[in-house]
Amino acid sequence: MGKSVRRAAMATVHLVVAAAMCVGVYIFITVLLIAAIGTVAVVGCWLLPEAVLLIRRIAGAKRNLTALWTGREIPEAYTPMTGTLRERLRISVRDPGTLRDFRWMVAYYLYGALLALALPLWPLGLVVDGVWAGVLRRGPVVLPLIVKLADTEARWSTALLMPSPKARLARRVEELKETRADAIAAHEAELRRIERDLHDGAQANLVALSMRIGLAKRAYDRDPDAARRLLDDAQDQAEQALTELRQVVRGIHPPILTDRGLVGAVRALASSSGLTVGVEDGGLDAGTRAPAAVEAAAYFVVAESLTNVAKYSGADRAEVRLARTRRGLTVRVRDEGRGGADESAGSGLLGMRRRVAALDGTFDVTSPAGGPTVIDVELPCVW
């Protein structure tokens, strides 16, 4: 009985908020009519785009309210309201989301006041269910009807506010355009890094190596000892150049990923990070391998995150969790440092986000002041 009362109370709160929003929609129709009349009269045509933006905000608030009750997010798919007044007017009229929101508002006039049906059920439910459930130990029959009313209201709102397949496809195309731009930017940044490393490291060492060999050739006949010293220096220079080239290769695709897999590579990375790092493999055994691009992105995220922990967080411990999911691979890096991580501060977060976005993954950072800092990454792949 107590559980039914609590559930019915939560449903009533949902219906109260929905009814209050419905009253707001009643009031907003006046603004919408003024905008429509002004548009027809031309003098007030600037009102229509603003009214449509306001409709989007109201519909967004309703989506959030419905998601809180159902636990399922309702996506948005709108054409961005940008450009000149003429373009904004065209978007306001032609965007499929505008018609869908307007249709929801009209329907909401009818079903938004389901609270009127729920309130009379409370005294009846307390009496009937109090006897039926409290005394006779049977299941409640009246109070669950309030919950069903809330479920009905949420179900209708979900159906009316869910974007059409065409709108979702258009939104997906826009997201892919943004992802493609980020992938190109990340690729260009990676190429610049490789060029810089080659120019400042291996190339400089190879030039010095060539000069030392040339000097050794000239000194060979007149001063063999000096030539031998120059050749020794040249050998050291060649080894240093090889070391620089290996570092560049590791930056492109760490060989340890190929040899030991993601879990082994992350454990090696953790042991050499200078921190106390706990690593959980989350079901990734030696025989389970994600695609090479996914493993490389996950390794890069862990490496950059541990570098940030060592440099900026002030913490001496971190946790890394890798997990195989039905849709792909998840990575979580957590530290108990000072927090306050900012993507615009140049701490490598933007590079991680771009690399993950290039694989159509998700990248979330939670870093309140005082910590903890948690980086959650999901990389889709087929196992």
Side-chain angles (χ1 to χ4, degrees), residues 67 73 75-77 168 171-193 251-254 257 262-263 265-266 269-270 273 275 277-284 290-313 315 318-369 371-383:
E73 183 179 357
E76 292 185 355
R168 279 182 282 179
R171 179 59 182 167
R172 181 60 177 160
V173 170
E174 291 297 324
E175 291 176 353
L176 291 176
K177 286 181 179 179
E178 296 174 2
T179 300
R180 179 176 177 271
D182 287 341
I184 292 174
H187 179 66
E188 291 176 350
E190 190 71 8
L191 284 179
R192 287 194 297 269
R193 183 190 66 80
I252 298 172
H253 184 83
L257 275 177
L262 180 60
V263 175
V266 168
L269 186 65
S273 65
L275 302 167
V277 182
V279 179
E280 298 181 29
D281 58 25
L284 286 172
V294 172
E295 285 192 343
Y299 181 86
F300 175 81
V301 167
V302 175
E304 191 68 26
S305 299
L306 293 181
T307 300
N308 289 342
V309 173
K311 285 185 176 180
Y312 308 114
S313 73
E319 298 175 4
V320 177
R321 187 177 190 278
L322 308 171
R324 173 182 175 175
T325 64
R326 185 170 55 86
R327 295 185 300 175
L329 172 69
T330 61
V331 181
R332 165 171 283 201
V333 183
R334 176 189 174 97
D335 70 82
E336 299 292 340
R338 61 175 62 95
D342 184 7
E343 288 191 33
S344 62
S347 57
L349 294 175
L350 181 58
M352 286 190 277
R353 182 180 293 279
R354 285 176 171 173
R355 187 177 285 250
V356 171
L359 298 176
D360 203 21
T362 59
F363 179 88
D364 295 313
V365 180
T366 304
S367 184
T373 296
V374 181
I375 295 177
D376 285 308
V377 172
E378 183 174 359
L379 296 164
C381 68
V382 178
W383 297 95

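In this chain, residues are counted from 1 in sequence order.
- In terms of heavy-atom proximity, R355 sits nearest to A297 at CD-CA, 4.0 Å.
- Taking CG of L379 as the start and CG of D360 as the end, the distance is 10.0 Å to the nearest 0.5 Å.
- Side-chain contact between L306 and V320: present, with at least one pair of heavy atoms (C-beta onward) separated by less than 4.5 Å.
- Put simply, OG1 on T373 and CZ on R338 are 10.0 Å apart, with the number rounded to the nearest 0.5 Å.
- Taking the side chain as every heavy atom from C-beta outward, M352 and N308 approach each other to under 4.5 Å.
- Using a 4.5 Å heavy-atom cutoff, the side chains of T366 and D376 are not in contact.
- Note that the CZ atom of R334 and the CD1 atom of I375 stand 12.5 Å from one another [nearest 0.5 Å].
- Pairing each heavy atom of L275 with each of A310, the nearest pair is CD1-N, 4.1 Å.
- Separation of atoms CD (E319) and CZ (R332) is listed at 9.5 Å; rounding is to 0.5 Å.
- Residue F363 comes nearest to R353 through the heavy atom pair O-NH1, 3.1 Å, listed as atom of the first residue, atom of the second, then distance.
- Partner of S305 under the side-chain contact (heavy atoms from CB on, under 4.5 Å) criterion, out of V333, V331, L349: V333 alone.
- R324 is linked by a side-chain contact (heavy atoms from CB on, under 4.5 Å) to L284, T288, W383, counting only residues two or more places apart in sequence or in another chain.
- For the pair R321 (side chain) and T330 (backbone), a donor-acceptor distance under 3.5 Å is absent.
- Heavy atoms only, all atoms of each residue included: A290 and C381 are closest at CB-SG, 4.3 Å.
- Residue L329 holds its CG atom at 6.0 Å from CG of L262, rounded to the nearest 0.5 Å.
- For the residue pair A318 and V309, the shortest heavy atom distance occurs at CB-CG1, 4.5 Å.
- Minimum interatomic distance between V294 and P380 (heavy atoms only, all atoms of both residues): CG2-O, 4.0 Å.
- Within the 3.5 Å criterion, the main-chain N or O of A341 finds a donor-acceptor partner in the side chain of S367.
- Of the charged side-chain nitrogens involved, at least one lies within less than 4.0 Å of a carboxylate oxygen, so that E378 and R327 count as a salt-bridged pair.
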